[in-house]
Amino acid sequence: MIEDPPLLTIRRRFERPAADLVSAFAGVPVSQIVDAMGGRGALHHAIKPLSQAAATLVGVALTCQCGPSDNLALFGALEVAANGDVIIAATDSFAGAAVTGDLVLGMARNKGVAGFVTDGLVRDVVGIEAVGLPVYCAGVIANSPARNGPGTVGFPVVLGGVTISPGDILVGDRDGVAVVPRLEAGTVLARLDAIKAAEQDLETRVRQGLTMPEFASAVLKSDRTRFVD
């Protein structure tokens with residue numbers, strides 16, 4: 001007979017990036033971070049801020065695998081959460097029940113958690129807004145989850161089409177959430193200056209009347225483009 005898995009499997013210790021490295025991403029637009037990672041790294045478009053008033057997020061990923069209609073792993077995540085962590089709750093995009101509501105998120109805020117991201121749904125919108133924690137989710141439903149497990153905490157999860165490992169850096173704004181792998185964070189940060197400079201230059205030229213960037217103009221004028229009248 002195959003043994004039943006434990007209700008919770010929790011990895012309590014994993015490497016977190018230095019605090020100054022995490023804070024260096026504060027205020028950086030998600031779109032620029034994605035550009036610095038080669039145009040990838042954003043979560044699925046359905047995962048958006050629940051409240052526009054709390055749509056800025058920076059922190060360290062604390063992952064948990066809840067599975068559909070269950071949130072026992074969230075309580076495991078609360079047990080090991082450190083100040084500045086972002087709880088990542090993978091639900092296999094389950095849409096039949098919320099994975100959390102305002103009370104659990106209030107407990108997360110009390111632990112110093114910096115935000116909450118899920119590919120599932122949440123409930124108690126008014127209460128969540130009062131908690132003030134940045135919450136990114138795929139939607140809202142009033143149905144409540146069970147607390148049966150099995151679940152895991154502190155292991156890689158796939159959420160919103162992106163693999164997220166504990167210790168990765170999460171950055172969110174109104175465009176969505178970007179995942180910066182911990183081991184690539186320094187490289188991504190170093191690329192941001194060039195990304196920002198190029199974008200500022202192009203913004204200035206657009207304000208001055210630019211209608212077509214040079215790279216597109218060159219393609220349009222080359223033998224790689226055929227006009228059919």
Side-chain angles (χ1 to χ4, degrees), residues 25 29-31 33-34 41-78 81 84-149 151-166 168-180:
F25 285 94
V30 166
S31 59
I33 293 172
V34 169
L43 300 185
H44 190 274
H45 66 84
I47 301 171
K48 287 291 187 289
L50 179 66
S51 170
Q52 299 303 322
T56 302
L57 171 71
V58 180
V60 178
L62 170 58
T63 54
C64 63
Q65 180 70 53
C66 294
S69 198
D70 196 281
N71 73 353
L72 184 62
L74 271 185
F75 296 92
L78 285 176
D85 282 352
V86 175
I87 294 180
I88 309 298
T91 71
D92 297 331
S93 300
F94 184 69
V99 69
T100 193
D102 59 343
L103 296 179
V104 176
L105 291 174
M107 298 175 201
R109 179 201 59 198
N110 294 344
K111 285 278 302 210
V113 167
F116 179 82
V117 178
T118 183
D119 57 357
L121 311 180
V122 300
R123 69 177 198 165
D124 307 317
V125 174
V126 173
I128 292 174
E129 290 177 343
V131 168
L133 200 67
V135 173
Y136 287 73
C137 61
V140 176
I141 192 171
N143 293 343
S144 58
R147 293 185 290 273
N148 297 324
T152 66
V153 177
F155 296 90
V157 298
V158 176
L159 188 151
V162 179
T163 299
I164 306 175
S165 297
D168 289 347
I169 297 174
L170 274 292
V171 184
D173 61 20
R174 293 177 66 179
D175 281 349
V177 179
V179 181
V180 182

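Being a predicted model, the structure only gives us computed values, none of them experimental.
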To check you understand the geometry: which heavy-atom pair defines the closest contact between [X] and [Y], and what is its length?
X: Gln65; Y: Ala90; answer: NE2-O, 3.4 Å
X: Phe155; Y: Pro166; answer: C-CD, 3.8 Å
X: Gly96; Y: Asn143; answer: O-ND2, 2.9 Å
X: Ala42; Y: Val34; answer: CB-CG2, 4.0 Å

Are the side chains of [X] and [Y] in touch, meaning some heavy atoms are under 4.5 Å apart?
X: Thr118; Y: Thr100; answer: no
X: Ile87; Y: Leu105; answer: no
X: His44; Y: Val162; answer: no
X: Asp70; Y: Pro145; answer: no
X: Ile141; Y: Arg123; answer: no
X: Leu121; Y: Val140; answer: no

Given 3.5 Å as the limit, does a donor-acceptor pair link the side chain of [X] with the main chain of [Y], or not?
X: Thr63; Y: Pro156; value: no
X: Asp119; Y: Ser93; value: yes
X: Asp168; Y: Ala61; value: no

Quiz item: From Asp124 CG over to Leu103 CG, what is the distance, rounded to the nearest 0.5 angstrom?
Solution: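 Separation between the atoms: 6.5 Å.
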Quiz item: Testing Val30, Val171, Leu170 for side-chain contact (heavy atoms from CB on, under 4.5 Å) with Phe25, which one passes?
Solution: Val171
Report, one line per pair, each donor and acceptor closer than 3.5 Å where one atom sits in a side chain of residues 109-117; sequence neighbours left out.
{"from": "Arg109", "atom 1": "NH1", "to": "Val131", "atom 2": "O", "distance (Å)": "3.4"}
{"from": "Asn110", "atom 1": "ND2", "to": "Gly106", "atom 2": "O", "distance (Å)": "3.3"}
{"from": "Lys111", "atom 1": "NZ", "to": "Leu78", "atom 2": "O", "distance (Å)": "3.0"}

Quiz prompt | Ser31: partners by side-chain contact (heavy atoms from CB on, under 4.5 Å), with sequence neighbours left out | solution = Pro29, Asp175
